[in-house]
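This one's a predicted model, so the numbers in the text were calculated from it and none came from an experiment.
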Amino acid sequence: MPRSENFGYMVESFNQLVPVLEKNNARLVVEGYPGPGALVCTPEGYRHFLRNVHPKRWVLTMTPRT
């Protein structure tokens, strides 16, 4: 599957979670693991993710490589 198509499915799925998160005053943590198929693991990936999802319900972590 092309990366852009996979990213679109991820955005669609995460945005469907927003009403449930809001109803329960909850947040979802996204950690950028740079493994195979990772879509949100670089600063650019995070920016693209946040432009396409409801940003108030997501908590993002980024651990710098040492």
**Student:** Check whether any side-chain heavy atom of Phe7 sits under 4.5 Å from a side-chain heavy atom of Asn52, and report yes or no.
**Tutor:**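 A side-chain contact under 4.5 Å exists here.
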**Student:** Does Arg3 use its side chain to pair, donor to acceptor, with the backbone of Gly37 at less than 3.5 Å?
**Tutor:**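 Side chain of Arg3 to backbone of Gly37, a donor-acceptor pair under 3.5 Å: no, none is there.
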**Student:** Within this structure, what is the NZ-CG distance for the pair Lys23 and Asn25, rounded to the nearest 0.5 Å?
**Tutor:**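 The NZ atom of Lys23 sits 13.0 Å away from the CG atom of Asn25.
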**Student:** Got a second to check how far Arg47's CZ is from Thr42's OG1, nearest 0.5 Å?
**Tutor:**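 If I round to the nearest 0.5 Å, the distance is 7.5 Å.
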**Student:** Please examine the side chains of Phe14 and Leu28, heavy atoms only from C-beta on, and report whether any two atoms are closer than 4.5 Å.
**Tutor:**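 Answer yes - side chains close enough.
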**Student:** Less than 4.5 Å apart, any side-chain heavy atom of Val40 and any of Met10?
**Tutor:**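 They are in contact (side-chain heavy atoms under 4.5 Å apart), so the answer is yes.
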**Student:** Could you check whether any side-chain heavy atom of Arg27 comes within less than 4.5 Å of a side-chain heavy atom of Leu21, counting everything from C-beta outward?
**Tutor:**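 A side-chain contact is absent here, since even the closest heavy-atom pair is not under 4.5 Å.
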**Student:** Enter the distance from Phe49:CZ to Cys41:SG here, rounded to the nearest 0.5 Å.
**Tutor:**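 It is 12.5 Å, given to the nearest 0.5 Å.
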**Student:** If you compare all heavy atoms of Asn15 against all heavy atoms of Val53, which two are closest, and at what distance to 0.1 Å?
**Tutor:**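 For Asn15 and Val53, the tightest heavy-atom pair comes out as OD1-CA, 3.3 Å.
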